[in-house]
Amino acid sequence: MEGFWLALGMTTLAGLATGIGGIIAVVKQNPGKRFMAGALGFSAGVMIYVSFVEILPNGFEELTDAWGRAGPWAAAAAFFAGVLLIAGIDRLIPESINPHDSEKINDPAFSSERNRLMRMGTITALAIAVHNFPEGFATFAAALADPYVAVPIVVAIAMHNIPEGVAVAVPVRQATGSRAKAVIWSFVAGLAEPSGALIGFFLLQAFLGPVAMGMVFASIAGIMVFVSLDKLLPTAVATGRHHTAVYGLFAGMALMALSLLILE
């Protein structure tokens with residue numbers, strides 16, 4: 001039972017990182033294009049590096065141990081299944097409310113109507129919840145199997161969630177004039193991660209094992225790489241701060257590499 005609470009705690013920590021983004025959004029008068037480019041690029045770098053260096057290799061290892069020569073094929077299939085899953089979810093969410101399209105928060109026309117802004121902040125929070133629900137179960141399952149392996153996953157997802165918190169908090173703050181409400185909404189958006197963990201666990205606990213974990217690791221990598229390449233990095237570049245986005249990308253990779261080396 002101790003492992004259950006540790007896994008849930010790690011998942012909750014990753015999810016509530018959206019609140020850090022909310023705090024940043026209310027502390028800064030305007031996050032600015034340079035900040036958004038760097039933050040989104042940094043998140044993408046963290047997620048891409050940890051996916052290919054740590055998470056996907058773990059999936060290959062687990063499935064190879066279980067199925068021999070068929071294991072790498074299963075791991076590759078799970079990776080692309082993760083890509084298809086998050087791509088399908090992404091297609092169901094209109095671009096106008098997609099939580100990764102964060103450049104909208106710097107558009108003066110976007111901030112002109114308070115009711116529209118409040119609605120946008122609310123729907124963005126719901127959209128983030130949809131995105132983060134499967135991430136929550138995947139993070140929880142990884143932490144339940146091996147907390148050591150889950151540490152870089154938690155860090156990567158937490159870094160990814162910070163800009164999402166900014167995307168929620170800025171329109172809510174501009175609509176209501178309340179910093180407290182903006183921060184609260186950003187934290188609420190992150191609750192999808194532990195919710196996904198609990199619901200997924202109680203529905204699928206009978207199937208959790210080495211093979212399932214190998215599939216989970218590989219699919220997590222697919223999800224994270226897709227989000228990074230399809231949303232985070234293009235949105236960072238779209239701010240007009242191309243070099244800042246790229247510098248942030250490699251800074252995120254460097255930090256993730258350093259953290260993994262320290263954990264060895």
- request: Starting from the C-alpha separation in whole Å, work towards a yes-or-no answer on side chain to side chain contact (heavy atoms under 4.5 Å, CB included) for L255 and Y49.
  value: CA-CA 10 Å; L255 179 64; Y49 188 91; over 6 Å; no
field: Which residues share a ring-ring contact (aromatic ring centres under 6.0 Å, His included) with F140, sequence neighbours left out
entry: F4, F201
field: R241 side chain vs K33 backbone, donor-acceptor pair below 3.5 Å
entry: no
- prompt: With sequence neighbours excluded, what pairs up with P72 under the side-chain contact (heavy atoms from CB on, under 4.5 Å) test?
  reply: F60, T64
- prompt: Given I153, which of I220, T11, N58 fulfils the side-chain contact (heavy atoms from CB on, under 4.5 Å) condition?
  reply: I220
message: Could you work out, with side-chain contact (heavy atoms from CB on, under 4.5 Å) as the rule, every residue matching A221, not counting sequence neighbours?
response: S51, I55, L56, F79
statement: Heavy-atom nearest pair, A17 first then A158, reads CB-O, 3.4 Å
statement: Closest non-hydrogen contact found for I24 with I162 is CD1-CG2, 4.0 Å
query: Out of curiosity, does V154 fall in the hydrophobic cluster containing L6 (side-chain heavy atoms, cut-off under 4.5 Å, transitive links)?
result: yes
query: Cluster question for you: counting only ILVMFWY and a side-chain heavy-atom cut-off of under 4.5 Å, with indirect links fine, are M224 and F250 together?
result: yes
field: Residues in side-chain contact (heavy atoms from CB on, under 4.5 Å) contact with A143, at least two apart in sequence or another chain
entry: A7, M10, A150
message: Test of understanding: clusters of I, L, V, M, F, W, Y form through side-chain heavy atoms closer than 4.5 Å, transitively. Do F226 and V237 belong to the same one?
response: no
- request: Can you see which heavy atom on A142 is nearest to which on F217, and at what distance?
  value: CB-CE2, 3.4 Å
message: Quick check for you: to the nearest 0.5 Å, what is the distance between L144 atom CG and T139 atom OG1?
response: 12.0 Å
query: Quick one: side-chain contact (heavy atoms from CB on, under 4.5 Å) partners of L229, sequence neighbours excluded?
result: I48, V225
message: Can a donor-acceptor pair be found, under 3.5 Å and without considering hydrogens, that links the side chain of T18 to the backbone of S186?
response: yes
query: Looking at CE of M256 and CZ of F52, how far apart are the two atoms once the value is rounded to the nearest 0.5 Å?
result: 15.0 Å
- prompt: Linking I/L/V/M/F/W/Y whenever their side-chain heavy atoms sit closer than 4.5 Å, directly or via other members, would I157 and Y148 fall into one cluster?
  reply: yes
message: Please give me the minimum heavy-atom distance between E54 and P152, naming the atom from each residue.
response: CG-CG, 3.8 Å
- request: Please round to the nearest 0.5 Å and tell me the distance separating atom CG of L249 and atom OG of S228.
  value: 8.5 Å
Review item, side-chain donor-acceptor pairs of residues 189-200, under 3.5 Å, at least two apart:
unit_1, atom_1, unit_2, atom_2, d
E193, OE2, N161, ND2, 3.3
S195, OG, L191, O, 2.8

- request: Indicate, with yes or no, if F80 and I86 share a hydrophobic cluster defined by side-chain heavy-atom contacts under 4.5 Å among Ile, Leu, Val, Met, Phe, Trp and Tyr.
  value: yes
- prompt: Which atoms form the tightest heavy-atom contact between T239 and A37, and what is the distance?
  reply: OG1-CB, 3.3 Å
message: Please give me the minimum heavy-atom distance between A141 and V216, naming the atom from each residue.
response: CB-CG1, 4.3 Å
task: Supply the members, apart from L63, of the Ile/Leu/Val/Met/Phe/Trp/Tyr cluster built from side-chain contacts under 4.5 Å; use none for a lone residue.
output: W67, V211, M215
